[in-house]
Amino acid sequence: MNNQNNNNPVSCSSSVMECMERIRDLKRQKNAIILAHYYTLPEVQQIADFTGDSLALSAQAAKTDAAILLFAGVHFMAETAKILAPDKKVLLPEPQAGCSLADSCTADRFAEFLKQYPDHTVVSYVNTSVGVKALTDICCTSGNAVEVIRSLPETQKIVFAPDRNLGSYIQRITGRKNMVIWDGACEVHEKFSAEKILEMKRRYPQAKVLAHPECKEEVLAVADVVGSTAALLKFASSDPCDTFLVVTEAGILFQMQQDNPNKRFIPVPPAGVESGCNECEYMKMVTLEKIYRTLLEESPEVILEEEIRRKAERSIQRMLEIKRS
């Protein structure tokens, strides 16, 4: 941890703009970059050098010449950056920023679970801990999960973890019946309901519904487009429709509006709520103040056991090889 000095007081100014400028100064001094997920606060996305989904940001991290990577997101995302960029210092502004989906599948429980399926290929969503990735044969994202499953022989038995909704979606698309699916879910996407979407469709009949495949089957059934965060952003920009109902974590609306200032993006609230946003409490834990302190002190730092990191890296590299082939 670096010592504080008089030029870098331990807290930002109350002014957002002044705080951002202090962060920029620290980035220049330390040869650091900030990677921010689409679900973080708008001001966090504004100060970032790169915004994106978790794996795209980690891939970007591996390419950069920066010595320090600060990941504005949740814990498994920073781990993934460290897996792909082991020679760089990876910082996480809020170590308590977990993930309900990743936390639903711990490495020790998953290892016990896999003992029942020794002849299965293990496919895990990138939204998992480094320990689970190390137990995995091949990783996938929400954007390439179907492609990854189709790359395996049709007769191959598969364990898919940890998202039951994404796993079920993949099964419906690929027709694979020989999949065992871990019973996990994202608490944000679980809260959406088809009833609420249909209610909002009656209020905005011209709107198209954009949904993430981590949502339940009944929700995806009433969506116009199902896709990853990157896919939903691309569709929102390319489609002539000017009004969209967004069925994923509400942080994505900032980028959608930035890309399409003349279009309207309406967040679908969770079931039982009249209006408002459906947000990930963990993503919103990352603030400018925490980013500033973390850069200043170069802590908390993500440290991974090398043997586990190498095993996890292999599962990601296998996924990337499918894309290249």
query = Any link between Ile33 and Leu57 through a network of hydrophobic side chains (Ile, Leu, Val, Met, Phe, Trp, Tyr) touching at under 4.5 Å?
reply = yes
task = Test Lys89 against Glu298 for salt bridge (charged side-chain N to carboxylate O under 4.0 Å, His left out), laying out the working first.
result = CA-CA 8 Å; Lys89 179 177 284 190; Glu298 297 185 22; 2.8 Å; yes
query = Is it true that Arg22 and Asp25 have a side-chain N and a carboxylate O under 4.0 angstrom from each other?
reply = no
message = Let me confirm one number: the CG-OG distance from Asp163 to Ser168, rounded to the nearest 0.5 Å.
response = 8.5 Å
task = Check the pair Lys208 / Asp239 against salt bridge (charged side-chain N to carboxylate O under 4.0 Å, His left out), numbers first and verdict last.
result = CA-CA 10 Å; Lys208 288 189 177 180; Asp239 192 81; 3.0 Å; yes
ask   = With a cut-off of 6.0 Å (strictly less than), are more than 12 heavy atoms of other residues, nucleotides or ligands near CD of Glu195?
value = no
inquiry  = Under a 3.5 Å threshold, yes or no: a donor from one side chain and an acceptor from the other, between Gln156 and Thr121?
reply    = yes
inquiry  = Restricting to non-hydrogen atoms, name the atom on Pro269 and the atom on Phe192 that form the minimum distance, rounded to 0.1 Å.
reply    = O-CD2, 4.1 Å
remark   = Heavy-atom closest pair (Leu210 atom, Met256 atom, distance to 0.1 Å) is CD1-CE, 3.9 Å
request  = Test Glu112 against Arg109 for salt bridge (charged side-chain N to carboxylate O under 4.0 Å, His left out), laying out the working first.
outcome  = CA-CA 5 Å; Glu112 284 299 310; Arg109 289 173 57 214; over 6 Å; no
remark   = Between the CD atom in Glu43 and the OG1 atom in Thr40, the distance rounded to the nearest 0.5 Å is 8.5 Å
message = With side-chain hydrogen bond (donor to acceptor under 3.5 Å, both in side chains) as the criterion, how do His189 and Thr248 come out once you've worked through the C-alpha distance, each side chain's angles and the decisive distance to 0.1 Å?
response = CA-CA 6 Å; His189 291 93; Thr248 188; 2.8 Å; yes
message = Under 3.5 Å, is there a donor on one side chain and an acceptor on the other for Ser100 and Tyr282?
response = no
task = Give a yes or no on whether a salt bridge exists between Arg309 and Glu305, defined as a side-chain N under 4.0 angstrom from a carboxylate O.
result = no
query = What do you reckon, is CG of Asp108 surrounded by more than 12 foreign heavy atoms closer than 6.0 Å?
reply = yes
key: Distance-minimising heavy-atom pair for Cys140 and Val123   = SG-CG1, 4.1 Å
query = If only atom types and distance count, is the side chain of Glu94 paired as donor or acceptor with the main-chain N or O of Gln96 below 3.5 Å?
reply = yes
task = Report the C-alpha distance between Asn127 and Phe76 in whole Å, list the side-chain angles of each, state the deciding distance to 0.1 Å, and finish with yes or no for side chain to side chain contact (heavy atoms under 4.5 Å, CB included).
result = CA-CA 7 Å; Asn127 295 32; Phe76 81 81; 3.4 Å; yes
inquiry  = Run Gln206 and Cys241 through side chain to side chain contact (heavy atoms under 4.5 Å, CB included) and show every step you take.
reply    = CA-CA 8 Å; Gln206 78 282 19; Cys241 182; 5.8 Å; no
ask   = Can Leu70 be reached from Ile47 by stepping across I, L, V, M, F, W or Y side chains whose heavy atoms are under 4.5 Å apart?
value = yes
query = Are Ile170 and Val225 grouped together when hydrophobic residues (ILVMFWY) are joined by side-chain heavy atoms under 4.5 angstrom apart?
reply = yes
ask   = Have Asp259 and Gln255 got a donor and an acceptor in their side chains that come within less than 3.5 Å?
value = yes
inquiry  = Quick check for you: to the nearest 0.5 Å, what is the distance between Phe265 atom CZ and Asp242 atom CG?
reply    = 9.5 Å
request  = Quick one: pull up CD1 in Ile252 and OH in Tyr39 and give me the separation to the nearest 0.5 Å.
outcome  = 5.5 Å
query = Got a donor-acceptor contact below 3.5 angstrom from the Asp224 side chain to the Val209 backbone?
reply = yes
task = List the steps, then state whether side chain to side chain contact (heavy atoms under 4.5 Å, CB included) holds for Lys196 with Val273.
result = CA-CA 9 Å; Lys196 176 61 70 173; Val273 177; 5.7 Å; no
task = Verify the cluster assignment for Val16 and Ile34: are they in a single hydrophobic cluster under the rule of side-chain heavy atoms below 4.5 Å apart?
result = yes
ask   = Is Asn144 reaching over with its side chain to a backbone N or O of Thr141, donor-acceptor style, under 3.5 angstrom?
value = yes
query = Nearest 0.5 Å, what's the CD1-OG1 distance between Ile68 and Thr294?
reply = 11.0 Å
ask   = Is it the case that one hydrophobic cluster holds both Met200 and Val226, taking links as side-chain heavy atoms less than 4.5 Å apart, direct or via other members?
value = no
key: NZ/NE/NH1/NH2 to OD/OE distance under 4.0 Å, Arg318 and Glu321   = no
query = Are the side chain of Glu301 and the backbone of Leu91 linked by a donor-acceptor contact shorter than 3.5 Å?
reply = no
ask   = Is it true that Lys191 and Glu187 make a salt bridge, defined as a side-chain N closer than 4.0 Å to a carboxylate O?
value = no
task = Quick one: do Leu152 and Ile158 satisfy side chain to side chain contact (heavy atoms under 4.5 Å, CB included)? Show the steps, please.
result = CA-CA 9 Å; Leu152 300 173; Ile158 298 167; 3.8 Å; yes
query = For Ile83 and Ala312, which heavy atoms make the closest approach, and how far apart are they?
reply = CD1-CB, 3.7 Å
query = Counting only N and O atoms by type, is there a donor-acceptor contact under 3.5 Å from the side chain of Glu217 to the main-chain atoms of Tyr169?
reply = no
message = Nearest 0.5 angstrom please: Leu245 CG to Tyr204 OH, how far?
response = 8.0 Å
ask   = Taking only residues two or more places apart in sequence or in another chain, which ones pass salt bridge (Lys or Arg N to Asp or Glu O under 4.0 Å) with Glu249?
value = Lys284
ask   = So does Glu190 pair up with Arg164, basic N to acidic O under 4.0 Å?
value = yes
message = Any side-chain to backbone donor/acceptor pair from Asp53 onto Thr229? Under 3.5 Å, distance only.
response = no
ask   = Do side-chain atoms of Asn260 reach the backbone of Lys263 as a donor and acceptor pair under 3.5 angstrom?
value = no
ask   = Can you find a pair of side-chain heavy atoms, one from Met283 and one from Val74, that are under 4.5 Å apart?
value = yes
key: Note, Pro267 side chain near Asn278 side chain (heavy atom, < 4.5 Å)   = no
ask   = Taking atom types as modelled, is there a side-chain donor on Tyr125 or Glu214 under 3.5 Å from an acceptor on the other?
value = yes
query = Is Arg24 salt-bridged to Glu21, going by a charged N under 4.0 Å from an acidic O?
reply = yes
inquiry  = Are Phe254 and Gln46 packed together at the side-chain level, in the sense that at least one heavy-atom pair is separated by less than 4.5 angstrom?
reply    = yes
request  = Check whether any side-chain N or O of Lys133 sits under 3.5 Å from a backbone N or O of Ser315 as a donor-acceptor pair, and report yes or no.
outcome  = no
query = For Gln116, does the CD atom sit with more than 12 other heavy atoms under 6.0 Å from it, leaving out its own atoms?
reply = yes
ask   = So do the side chains of Val286 and Ile291 get within less than 4.5 Å of each other, counting heavy atoms only?
value = yes
message = Between the side chains of Asp49 and Lys27, is the shortest nitrogen-to-carboxylate-oxygen separation below 4.0 Å, so that they form an ion pair?
response = yes
key: Closest non-hydrogen atom pair between Ala59 and Leu84, with its separation   = N-CD1, 4.1 Å
query = Does Thr136 use its side chain to pair, donor to acceptor, with the backbone of Ile138 at less than 3.5 Å?
reply = no
task = Specify the closest pair of heavy atoms between Ser228 and Pro213, including all atoms of both residues, with the distance to one decimal.
result = N-CD, 4.2 Å
inquiry  = For the backbone of Ser104 and the side chain of Trp182, can you confirm whether one donor and one acceptor N or O come within less than 3.5 Å of each other?
reply    = yes
key: Carboxylate-amine/guanidinium proximity below 4.0 Å for Glu313 and Arg310   = no
